[in-house]
Amino acid sequence: MSASRIAEAFANGPAFIPYLAAGDPDVESTKEYVRALVRGGADIVELGLPFSEPIAEGSTIQNAIVRSLSGGMTPESYFELVADLDIDVPVVCMTYYNLIYQFGDEEGPEPFVRRAAAVGIDGFVVPDLPAEESGPLREACDAHGLDLVFIVAPTTRGERLERIMEQVSGYVYVQARLGTTGARTDVSDQTDTSLGRLREWDVPKAVGFGISEREHAERIVGGGADGIIVGSALVNIVAEGTSAGSVTRAQNVAEGSSTETVAERLESKARELKEGALAGRENRPQPERP
Amino acid sequence: MSASRIAEAFANGPAFIPYLAAGDPDVESTKEYVRALVRGGADIVELGLPFSEPIAEGSTIQNAIVRSLSGGMTPESYFELVADLDIDVPVVCMTYYNLIYQFGDEEGPEPFVRRAAAVGIDGFVVPDLPAEESGPLREACDAHGLDLVFIVAPTTRGERLERIMEQVSGYVYVQARLGTTGARTDVSDQTDTSLGRLREWDVPKAVGFGISEREHAERIVGGGADGIIVGSALVNIVAEGTSAGSVTRAQNVAEGSSTETVAERLESKARELKEGALAGRENRPQPERP
Amino acid sequence: MSTDTNTKFGRYGGQYVPEALMPAIEELEEAYQRYVLGNEAGFMDDFRERLRDFGGRPTPLQRAEQLSERYDSEIYLKREDLLHGGAHKLNNALGQVLLAKYMGKERIIAETGAGQHGTATAMACAHLGMDCEIYMGERDINRQRPNVFRMRLNGAEVNPVTTGRGTLKEAISETMRDWATSVEDTHYVIGSVVGPHPFPRMVRDFQSVIGEEAREQIEEKARRLPDSVLACAGGGSNTMGAFHEFVPQEGVGLYAVEAGGSSLEVDEEGGVAPNSASLSTGSEGVLHGARTKLLQDRDGQIMESHSVSSGLDYAGVGPELAHLVDEGRVVPVNVDDDGALEAFHRLSQLEGVIPALETAHAFAYLENEHENLGDCVIVNVSGRGDKDLESVIEETAEREIDIAPDMDVFSGGGL
Amino acid sequence: MSTDTNTKFGRYGGQYVPEALMPAIEELEEAYQRYVLGNEAGFMDDFRERLRDFGGRPTPLQRAEQLSERYDSEIYLKREDLLHGGAHKLNNALGQVLLAKYMGKERIIAETGAGQHGTATAMACAHLGMDCEIYMGERDINRQRPNVFRMRLNGAEVNPVTTGRGTLKEAISETMRDWATSVEDTHYVIGSVVGPHPFPRMVRDFQSVIGEEAREQIEEKARRLPDSVLACAGGGSNTMGAFHEFVPQEGVGLYAVEAGGSSLEVDEEGGVAPNSASLSTGSEGVLHGARTKLLQDRDGQIMESHSVSSGLDYAGVGPELAHLVDEGRVVPVNVDDDGALEAFHRLSQLEGVIPALETAHAFAYLENEHENLGDCVIVNVSGRGDKDLESVIEETAEREIDIAPDMDVFSGGGL
Ligand SMILES: Cc1ncc(COP(=O)(O)O)c(C=O)c1O
Ligand SMILES: Cc1ncc(COP(=O)(O)O)c(C=O)c1O
């Protein structure tokens with residue numbers, strides 16, 4: 001298999017992978033926000049297709065999903081959104097298995113994957129699909145040349161880890177800590193342990209769950225990660241914009257509140273995190289060659 | 001045993017036996033009311049000593065008992081009331097066994113009976129004391145020359161009836177119907193049946209429970225009763241007086257309500273019932289002598 | 001028919017009822033002799049089968065692991081809370097309603113305090129297709145609303161009794177009045193070992209399945225008899241039910257735990273005893289058909305009793321218990337409202353068994369006196385606490401009970 | 001460890017959970033194999049003894065005299081309402097909490113809908129000395145307040161879940177989120193035969209004591225197997241518990257009675273199914289860890305379900321039931337809210353057994369279809385209705401139900 005667009009995204013140093021929930025709060029905003037993130041330095045974009053029972057999500061992303069679903073987001077409008085995006089970084093679709101499974105008239109995940117490939121999606125992350133159940137989706141991805149990213153949890157070890165690493169492609173999503181998604185103010189020690197455990201595998205390791213600040217990004221990349229995944233910290237910015245009810249700079253200025261638009265704030269947050277990641281790589285102890 | 005004052009009260013035709021709860025609503029009123037009843041033709045007076053759990057009483061007399069007890073009535077003040085009455089008809093004390101049993105320092109009913117005899121009481125009716133349990137009270141009554149009246153219910157037959165009739169003295173209280181005390185608007189057919197069952201015994205038969213009008217009195221005496229016992233119909237008059245809050249004629253007149261005092265109304269009700277009883281005797285078919 | 005020897009327990013008991021009821025009581029006594037004692041027409045077999053299939057007997061005897069550790073002795077729970085309806089009351093209610101059916105009665109009346117006897121009677125009547133009316137004090141209706149609703153669901157009428165303080169005492173009086181009117185086709189299912197003979201004996205016989213099972217179970221589990229048996233005592237039916245089998249076993253201590261209420265002192269003036277400790281503090285008298293120990297004033301007027309638990313809130317007690325106390329066979333003890341509430345919370349948390357507030361009294365005594373109760377103790381769990389949730393919320397809020405759970409989740413009000 | 005053959009029932013089942021949970025699920029599966037299937041360390045003996053002494057097993061199989069007459073056939077009630085806590089839920093909760101203890105876990109979490117699984121879990125945790133947190137939808141908290149209070153009394157924390165419509169579906173999701181954080185020292189006691197393997201199998205095994213007892217009892221009482229077994233189905237644990245023993249007996253009809261709610265029509269636009277009939281009307285999908293039949297829209301979004309009974313108010317159903325329906329072995333049927341309420345009143349009045357609203361669905365189906373169910377029918381009385389009194393008052397008031405009692409005595413308001 002030739003190197004995928006996703007694999008290439010890790011080629012030039014640490015990858016910054018932002019996540020947003022598609023359709024939060026509406027399709028046009030999502031497009032604007034994604035482009036802002038790309039301007040801010042995103043190397044890959046994870047775009048969530050909202051599912052009504054997001055069991056792996058913390059409250060920040062749960063709320064984003066509620067906003068998106070009540071705005072009318074569906075798999076079909078998701079695909080249209082992606083097709084319209086017009087960005088030059090790869091897009092990873094993050095969603096739950098039932099949406100993949102139900103799509104289209106034929107049984108199984110193939111119709112979903114086919115359609116995803118058609119609109120330019122490069123890979124998937126499916127939080128409720130462990131390696132044990134991923135056979136059909138893996139096949140469909142292979143057939144259409146898409147990557148299937150797997151999450152490795154702090155509790156994943158030994159045989160389980162091997163089984164996952166046999167199946168993963170694109171990158172491995174290193175879950176920084178137990179629990180659900182959500183911005184935190186510290187970096188978990190579990191991250192280093194997990195990265196250590198993964199050292200022997202030659203696939204990019206992107207760390208997510210809880211990263212919200214430049215320092216986190218720096219520490220994690222300094223610790224050996226090939227990329228950082230940031231969701232809730234960005235979704236929070238979208239949420240603030242929504243609750244402020246103001247999305248244009250003119251309005252913000254008129255109301256005397258923050259002078260930046262949501263898109264601008266996303267862009268500068270992205271830049272901050274990307275810089276953190278780059279700084280982390282500088283600090284990284286050079287692997288000793290024997 | 002020489003004929004008791006109670007037995008004598010039946011000598012001159014049908015006896016009218018009114019009942020009041022002592023102390024309803026206060027001691028002085030009771031004295032006034034009793035005297036009024038005597039003026040109205042009472043041959044014997046049943047005076048209730050209120051007990052907190054009057055299980056044989058309907059709501060009219062239950063309420064009288066509540067009024068009396070909250071007015072402070074006690075066995076001792078009951079005895080003082082009777083001592084003060086100064087009437088020339090016999091008084092029967094109607095009460096429940098626990099009050100009899102608790103009185104005085106010695107165990108058993110004797111102290112109560114002794115004290116009752118001392119204040120001029122002539123007998124007892126104890127609704128919760130069936131013949132089976134009456135031994136000790138019967139003995140004390142005999143020792144002090146008092147009568148012990150028993151109630152015969154519509155359900156009392158055969159052996160039970162005989163056992164009761166062996167123990168009764170003064171008169172037998174013929175319960176006109178099943179249930180508790182309380183004024184009714186009709187006369188129960190059970191009365192005739194009960195009187196029939198008692199014909200062979202040579203002891204005065206007084207019928208009570210539910211008699212409230214002249215016609216009832218007439219029918220019952222016409223049916224063979226030697227006396228009528230009337231409680232709730234009279235207690236109702238007391239109750240009306242209490243709730244009107246007016247006990248003197250002046251007040252009644254001033255307020256434009258009934259121009260009679262409670263005592264006057266009791267007296268005229270008594271007269272009505274007594275007349276009914278007398279009329280009943282006139283109508284009574286003469287026993288055929290063979 | 002009835003002679004002094006069998007209507008009484010020593011000086012207690014008897015038949016102090018209006019004459020109108022006596023024939024019914026004699027009829028009942030005859031039926032009791034024939035069907036209950038003589039198993040005529042297979043009555044007792046029928047009864048036991050229904051207790052098993054409808055009621056859920058036998059109830060377990062459970063070793064309470066946490067309490068045994070806490071008190072460093074073997075504590076066993078006789079789980080009457082698992083009986084259908086949630087209390088021992090069904091043993092008696094089912095027995096009497098079935099007996100009434102064998103006697104050809106058509107209608108059932110009963111009084112209820114906590115509502116447990118009323119619900120048990122209503123359930124038994126629905127099960128056996130009998131008409132049913134329950135008298136209940138107005139105050140108790142308000143304290144035990146779920147039980148009132150359950151009676152209505154089972155098709156029973158619930159008649160509020162407004163006289164007096166509206167508790168069990170008044171409800172019994174009112175039911176007796178109904179019975180005096182309806183005695184020919186109606187049976188009065190009295191709810192405890194109280195009332196005129198033969199009720200105390202008959203109710204005890206229906207309830208003594210508790211002790212019979214417990215004895216068999218403890219002998220199987222512990223290979224011995226218990227040192228002590230504890231049961232709460234209102235009228236005393238779960239008490240006599242648990243004790244009867246052990247009365248002849250002199251080595252077994254029998255503790256009747258009464259409601260000490262808020263205080264053992266009485267207010268003679270107001271006619272109120274702020275407790276229901278008739279065995280511990282009462283004097284001999286006659287109430288509701290029997291001579292027994294009572295809460296009464298000097299004149300013999302019955303006092304208003306009090307307890308945080310409606311089912312113990314009664315001024316009298318079964319005559320047989322009074323007799324056994326006089327004989328020294330049963331030890332009358334009591335604990336107050338606070339202790340009972342605390343014990344309610346303790347058992348709920350430690351054992352996962354939410355007891356009735358009545359039952360909680362027995363556990364409060366265990367907490368206080370476990371050192372003097374020997375190595376092997378049976379506590380009769382007379383009922384479950386579902387009916388008491390509302391009261392417990394209120395009463396707990398009025399006190400400082402360290403172990404009580406914080407009720408934040410109920411910030412919106414009561415239940 | 002887990003292979004395709006044993007994690008699935010035909011096409012249903014599996015393990016669709018976040019990777020963080022997979023190690024715990026593998027650990028659980030191992031423990032299930034060793035302790036439950038292998039009786040290692042005498043686990044199953046310990047479990048059965050606790051079910052007996054703490055739980056009150058065996059529960060009776062009662063011949064329902066009035067219903068048998070009404071339907072002119074032999075109707076038997078399997079009385080899980082008499083189990084400690086008031087529903088079949090304890091069979092599973094006790095099994096899982098005990099297993100967690102054998103596994104060395106320190107903390108228990110669980111979701112609850114009607115509150116019955118939550119109370120059962122809280123009781124089991126108190127009994128076994130484990131920390132316990134229960135997630136419950138806010139709406140359900142309001143519908144089932146007595147159960148919330150009982151959990152608190154047993155020392156459990158109750159965490160309100162405010163997402164979505166605040167019912168069982170959301171509570172399960174939230175508990176899974178907790179588990180994803182706490183998986184190392186915590187066991188998630190799932191409350192029905194749902195969730196990822198090995199839960200559906202294990203919960204079924206803990207619950208199948210219902211059918212095992214029922215079979216023995218019916219063979220003793222009726223000397224035959226039943227023609228039909230009826231059980232209500234939410235997640236399906238009482239259903240599978242009652243059916244499992246009879247699945248190989250081809251002559252025994254198995255009816256899973258779902259909540260038809262107010263209508264079987266769905267509101268695709270609003271994402272709401274006014275029913276919970278996933279077996280009858282749902283389609284295949286993946287929810288809460290398993291592939292099964294679901295109420296979902298065309299895209300695969302899960303619908304909000306509805307039922308008058310919180311315990312049936314769930315958009316999914318156990319995968320084994322889905323499989324048995326596809327195989328034609330289990331007949332999926334449903335009755336609506338009105339029918340369930342009416343059946344609730346009917347059983348309360350005719351038999352003196354107040355069923356849970358969930359259970360009432362099975363009796364409504366019996367009423368409608370008794371002519372097609374054969375001469376000998378077992379209905380699983382999955383729980384008692386004490387928890388539902390408030391709802392029943394409200395829901396009855398909104399309808400014309402001829403047989404419902406008049407609630408005058410409650411003129412002062414609700415409970
Ligand atoms: C659970 C429970 N225990 C005890 C009692 C007290 O009654 P007894 O003393 O007759 O057992 C009651 C009465 O309602 C009760 O409900
Ligand atoms: C009494 C009762 N029956 C049935 C159910 C439905 O659950 P399941 O379908 O798992 O038996 C519940 C759930 O709470 C319940 O409480």
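Salt-bridge formation is not detected for the pair Arg399(C)/Glu342(C): no Lys NZ or Arg NE/NH1/NH2 atom is positioned less than 4.0 Å from an Asp or Glu carboxylate oxygen.
For chain C, no part of Arg57(D) is nearby; none of its heavy atoms comes within less than 4.5 Å. In this structure, the portion of Leu350(C) lying under 4.5 Å from any heavy atom of chain D is its backbone and not its side chain. Contacts between Leu82(C) and chain D at a heavy-atom distance below 4.5 Å involve backbone atoms as well as side-chain atoms. For Asn147(D), no part sits under 4.5 Å from any heavy atom of chain C, backbone or side chain. Only the side chain of Glu65(C) comes within contact range of chain D, judged by heavy atoms closer than 4.5 Å. Looking at Gln349(D), the atoms closer than 4.5 Å to chain C (heavy atoms on both sides) sit in the backbone and in the side chain alike. Heavy atoms closer than 4.5 Å to chain D are found nowhere in Lys387(C), neither backbone nor side chain. For Ile403(D), no part lies under 4.5 angstrom from a heavy atom of chain C. Residue contact with chain D, scored on non-hydrogen atoms closer than 4.5 Å, is absent for Asn142(C). Contacts between Leu347(D) and chain C at a heavy-atom distance below 4.5 Å are absent for every atom of the residue. Both the backbone and the side chain of Arg52(C) have a heavy atom closer than 4.5 Å to some heavy atom of chain D. The contact between Leu83(C) and chain D is made entirely by backbone atoms, counting heavy-atom distances below 4.5 Å. Residue Leu77(D) does not touch chain C at all, counting heavy-atom pairs closer than 4.5 Å. For a residue to count as touching a neighbouring chain, one of its non-hydrogen atoms must lie under 4.5 Å from one of that chain's; by this rule Arg50(D) touches chain C with the side chain only. Only the side chain of Arg384(C) comes within contact range of chain D, with at least one heavy atom under 4.5 Å from a heavy atom of that chain.
Counting heavy-atom pairs under 4.5 Å between each of Gln66(C), Arg63(C), His345(C) and chain D puts Gln66(C) at the top. For chain C, the option among Lys221(D), Met123(D), Gln217(D), His127(D) with the highest count of heavy-atom pairs below 4.5 Å is His127(D). Between chain D and the residues Ala404(C), Ala126(C), Ala156(C), the largest count of heavy-atom pairs under 4.5 Å involves Ala126(C).
In this model, a donor atom of one side chain and an acceptor atom of the other lie less than 3.5 Å apart for Ser310(D) and Gln144(D). If you check the side chains of Glu80(D) and Thr59(D), you find a donor sitting under 3.5 Å from an acceptor.
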Inset, instruction - Would you check, one step at a time, whether the test side-chain contact (heavy atoms from CB on, under 4.5 Å) holds for Phe54(D) with Leu90(D)? - result: CA-CA 10 Å; Phe54(D) 177 62; Leu90(D) 187 73; 4.2 Å; yes
Inset, instruction - Go through the steps to decide whether Thr359(C) and Phe344(C) satisfy the test side-chain contact (heavy atoms from CB on, under 4.5 Å), and finish with yes or no. - result: CA-CA 8 Å; Thr359(C) 310; Phe344(C) 173 96; over 6 Å; no
Inset, instruction - Test Phe363(C) against Leu67(C) for side-chain contact (heavy atoms from CB on, under 4.5 Å), laying out the working first. - result: CA-CA 10 Å; Phe363(C) 285 97; Leu67(C) 291 188; 3.8 Å; yes
Inset, instruction - Given side-chain contact (heavy atoms from CB on, under 4.5 Å), test Met151(C) with Thr112(C) step by step and report yes or no. - result: CA-CA 11 Å; Met151(C) 291 181 247; Thr112(C) 196; 3.9 Å; yes
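Not one N or O on the side chain of Thr121(D) forms a donor-acceptor pair closer than 3.5 Å with the backbone of Ala93(D). Not one N or O on the side chain of Asp140(C) forms a donor-acceptor pair closer than 3.5 Å with the backbone of Gly137(C). Between the side chain of Asn154(C) and the backbone N or O of Ser348(D), at least one donor-acceptor pair lies under 3.5 Å.
Between Phe43(C) and Tyr102(C), the ring planes are perpendicular. Angles over 60° get that label, and only those under 30° would be called parallel.
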